[in-house]
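Data first, discussion second: the structure below is written as structure tokens.
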Amino acid sequence: MAQRKRYLFVCVNRRPEGTPKGSCAERGATEVHAALKMEINRRGLARTEVRACTASCVDVCWAGPAIAVEPDGYFYGRVTEADVPEIVDALVSGGRVERLVLPPEDFEMATAGPALSLPLVPRPAEPGREGGV
Ligand code: FES
């Protein structure tokens, strides 16, 4: 398999419910990752251009779902499934989706912009409990 030109590291970390800074999985990162994989495959980019990988916490939890774009060295934040086609369009054109690129103040919880509201997706059922919340 060829080395891709870009790697998207999608944080899919999940913290316990109620953690103040939240977590990307709680805000839909698993679904964002799946949608990215599907769109990248659908456009024939998966084998040579870009790979969407899951990652653990990239330390901008309050601005998640977060994606580290490498080797370009920027982060997307507050990404939803609806943003995926635009993100892939930008990859194809060699650009980026500026409205999703995290500015320096988003790298500190105290100065970050507002988080996406919680929860965006239902929590998976825990063993021994009925359904998710
Ligand atoms: S939980 Fe995703 S950046 Fe920390």
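Computed from a prediction, not measured in an experiment: that's the story for all the values here. Start at 1 and go down the list; that is how both ligands and their atoms are numbered. In this chain, residues are counted from 1 in sequence order.
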Taking non-hydrogen atoms only, is C11 closer than 4.0 angstrom to ligand 1 via side chain, backbone, both or neither?
side chain
Can you find a pair of side-chain heavy atoms, one from P65 and one from E81, that are under 4.5 Å apart?
no
Which atoms of ligand 1 sit under 4.0 Å from any heavy atom of V60?
3 (S)
Kindly assign one of parallel, tilted or perpendicular to the pair F9 and Y7, based on the angle between their ring planes and the thresholds 30° and 60°.
parallel
Counting each atom of ligand 1 from 1 as listed, which ones have a heavy atom of N13 under 4.0 Å away?
1 (S)
Which of the ligand 1 atoms, numbered from 1, are nearer than 4.0 Å to a heavy atom of V58
3 (S)
Hey, does R15 sit under 4.0 Å from ligand 1 if you only count heavy atoms?
yes
Any salt bridge between R43 and E49, counting N to O under 4.0 Å?
no
Using 4.0 Å as the upper bound for N to carboxylate O, is an ion pair formed by D72 and K5?
no
Salt-bridged, R99 to D83, with N to O below 4.0 Å?
yes
Nearest atoms (heavy-atom pairs only) where A66 meets C24:
N-SG, 3.4 Å
Please state the angle at atom 4 (Fe) of ligand 1 spanned by SG of C57 and SG of C61: what is it, rounded to 10 degrees?
90°
State the atoms of ligand 1, each with its element, that fall below the 4.0 Å cut-off from a heavy-atom position in D59.
3 (S), 4 (Fe)
